[in-house]
J.: 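Below you will find the structure I want to go over with you.
Each chain gets a letter, A, B and so on, in the order the sequences are listed, and its residues count up from 1. What you see is a predicted model; the values in this text were computed from it and never measured.
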Amino acid sequence: MSYDHKTIEAKWQKLWEQDRTFYTEVDESRPKFYNVCMYPYPSGALHQGHVRNYTYGDLLTRYKRMRGYNVLSPMGWDSFGLPAENAAIKSGIHPKVNTENQIDKMKTQIRQLGSMYDWDRELASHDPRFYKFDQWLFLELYRKGLAYKQEGLVNWCPNDQTVLANEQVVDGLCERCDTPVEKKTLAQWYFKITDFADRLLDDIEKLEHWPERVKLMQKNWIGRSEGARFTIQVDGGGEFDVFTTRPDTVFGMTFCVLAPEHPLVDEIIQGSETEAQAREYIEAAGRATDVERMAEGGKTGVFTGSYAINPVNDKRVPIYIADYVLMGYGTGAIMAVPGQDERDWEFAAKFGIDIIRTVEPPADFEGDAYVGDGPTINSDFLDGLGRDEAIASIIQWLEERGIGEGKVEYRLRDWLISRQRYWGSPIPIVNCESCGMVEVPFEDLPVLLPHIEDYMPKGQSPLAAEASFVNTTCPECDGPATRETDTMDTFVDSSWYFFRYADVENTNAMFERSKPAYWMPVDQYIGGIEHAVLHLLYARFITKFLYDEGLSTVEEPFARLFTQGMITLDGAKMSKSKGNVVDPLALFASHGADALRLYHLFIGPPTDDAGWNDRGVDGTRRFLDRVWRIATTDAELSDRAESDADRELVGLAHRTLKKVTEDIDRFHFNTAVPALMVLSNEFNTYLGEEPRQATYDEVLKMLLLMLSPMTPHIAHEIWEIKGYGSLLALQAWPEFDPELAREETAMLIVQVNGKVRDRLEVPADITADNAEEMALASEKIQTWLEDGELKKVIARPPNLVNLVIA
RNA sequence: GCGGGAGUGGCGAAACGGUAUACGCGAUGGUCUCAAACACCAUUGUCCGAGAGGACGUGUGGGUUCGACUCCCACCUCCCGCACCA
């Protein structure tokens, strides 16, 4: 017997929506719970990753509500950006039309899952009402000197025809299309996230309820290094700065290296014997993608013909160009100390350069460069000092002479936010011949993205070809001017959208301070691990900026972060291109949303990747059919007096409640579900043995209340059929009663030397002495005791007695 | 190389230092049925044994403990992140 999930699920989805059950207002009388799932890019097709994400989110919405919280769970669309635009290009439908179609489709599908949102707060980043405030944010940052345009070496994806942020380059490949990223020198817009590097790093400590893994990834990404920066003179004129974390080893400097892109290079190779060779090397390094540069086996480089003077001992050392030194980090130049640095050692060995040790390695040290601690040697006034003392001492020495200082460097670079693509928010800046760069005034926002037919990427923004967009008048002098034609990275949208849900209608401001003041921070944020350093770092940055502006009341946006594992099929990530997707829509039809939701909860630990198994959904559906049968049983329910069987079943229900509650609170859904299965199995057995009406109703109610956040449709339907009260979603989570949960008897395990030799049923309140007595009285145990002398008894009533014999 | 996580049945996986393998899937046998499906019942780590029962068993090797999947040390394998960051 199988229940009619199609009718039931459609019925309740409609009803919850009509009743506006999950629409929320500020309510100071209850604690708030702001529950957000990362808003999706509207691909038009719900996949199992979404289902997993929204199942967790909806479970929490419903559960927290039953626990008395005022829960806000909104939904929106990450509808600007490369993925949406590329999908439009592929389909040949204009991005706006295509994106809006996809949103409609996905919204329908999300509703079929039965996951509930306050749709009054729905937002989409391609909506001018939304991106108006991308532009406002941009201008706020600009005024504070935190948005700037600068020419520099940038990552360029030749396939997507746009620049990319460092965070969007993965292993030298474009994050979106896996094309090797090239380097180009271009003038681009940046947000100065590096100004926030220390705060972003330090505040990671405050993120108690974030996964360690994500915090660590952010720490590594920010990459703080303490060291020193100092100036080195070139013999014959010129100078350059170097950064090092080991200034204590400066006496061991036997050469210097400049990055091929270093500005001084051109000057010092001029007229040298190796000039031709050097120019060729620089040119090749410029052509190479990061992948090629990294793939290079062994170090390469060219002598410049020039020498540097070591400031501590006036020694002349050769200057090389080598691509193992990166222009983008530190100063793009290093002092090379092969004795204490593995990379420098490798280079020195290859090029026959002297190697001097300045740190005494331990006697048993074998190997090349020694990077560990030890007394300083061969270093004049630093000799004998440990590393930290030597570093402090040399920094003081450099500072006294005005040639250097202690310095902190970060791996984090500024966030490159301009894109040479159509589908994004236009940058609200006008270039005027006489006034220069001018802000678009607030009253002229949003700078609307015009509808254009030729939106294909072409290396510069397609907007540049749109004269009616480009040509404008200067807001300051009314003279002729042109607009910026690049659009913003879609990660700008996602860095603040969670504030906007709190005040989504506002046309005058991103939001009124008091609105998110009630809801923020997001109490639970759920999404994929792939955003660990992209979205989650940017969102923290922008939140800190809004805090500094007095707009945000919180410095950190997400109090609790949960990153779900991936659903895989035969060990591989499900993806449309691989053709190994299991379509949720087909499962809505065949098994129902409830069975699918339950399978996602049951499949394994939520943080872990989990392998999909079609039969697994059969299993959760079978379970729901069993619940349905229990609810519609034709067993005769009597009004006899309460028996042990009744007390046992009610006791189990309460123990189940305790476990399910604890498991939900710590996101162990995969163990909460089996607990409910055990309860329903016992319930089913009970129905075959003279069931009693009162017990039946009591346990069924508890079962339905516990199921309602997981499988809301079937739970609501049964609740209604049984006439158990008003709408199940509005019921309170049941109260655990330890008295009822208590068990009368326990299984006493009797061990001999740690091995199980007997099991005895004993009263649950048995004393240690009685347990020992019963254990010793057991016939099976007697035979084991014959083998030796009883040395010791460990009794842990009521479950364990261990007899130690020898 | 650095950092993190994980290794348990045929499979997904459970297990505050105390019954290893709950629950689900799959498999085998049975009941129901004209038959099938559904459902229900039983069995299902390996080896020895007719059985009672016993031995072994959570990647490998040690250790701590009355007792170790769990704690400690060393190693192996896999996954993830960062990676010539000075």
J.: What's A:R213 touching, base or sugar-phosphate or nothing? Going by heavy atoms closer than 4.0 Å.
T.: sugar-phosphate
J.: Under 4.0 angstrom, heavy atoms only, what part of the nucleic acid is A:D618 near: base, sugar-phosphate, or nothing?
T.: nothing
J.: Taking only the side-chain nitrogens and oxygens of A:K780, find out if one of them lies under 4.0 Å from OP1 or OP2 of B:rA52.
T.: no
J.: So, is A:R615 close to the B:rG12 phosphate, meaning a side-chain N or O under 4.0 Å from OP1 or OP2?
T.: no
J.: Can you check the distance between B:rC32 and B:rA37, where both ends of the measurement are the C1' atom (answer in whole Å)?
T.: 12 Å
J.: Has the side chain of A:N802 got a donor or acceptor that lies under 3.5 Å from a partner of the other kind on the base of B:rC66?
T.: yes
J.: How are the rings of A:Y3 and A:H5 set relative to one another: parallel (under 30°), tilted (30 to 60°) or perpendicular (over 60°)?
T.: perpendicular
J.: Categorize A:Q751 for me: base, sugar-phosphate, or nothing, with a 4.0 angstrom heavy-atom threshold over every strand shown.
T.: base
J.: Please classify the nucleic acid contact of A:I603 as base, sugar-phosphate, or nothing, using heavy-atom distances under 4.0 Å.
T.: sugar-phosphate
J.: Which nucleotide sits closest to the side chain of A:N613: B:rC25, B:rA22, B:rC40?
T.: B:rC25
J.: As a test of reading the structure: which of B:rA39, B:rG24, B:rC66 is closest to the side chain of A:R622, going by heavy atoms?
T.: B:rA39
J.: When we call it a touch if two heavy atoms are under 4.0 Å apart, what does A:W345 touch: a base, just sugar-phosphate, or nothing?
T.: nothing
J.: Which part of the nucleic acid, if any, lies within contact of A:N681, taking any heavy atom under 4.0 Å across all strands shown: a base, the sugar-phosphate backbone alone, or nothing?
T.: sugar-phosphate
J.: Here's one to test your reading of the geometry: is the NZ or CZ of A:K299 within 45 degrees of the ring axis of A:F347 and under 6.0 Å from its centre?
T.: no
J.: Should the pair A:E346-A:K350 be classified as a salt bridge under the 4.0 Å nitrogen-to-oxygen rule?
T.: no
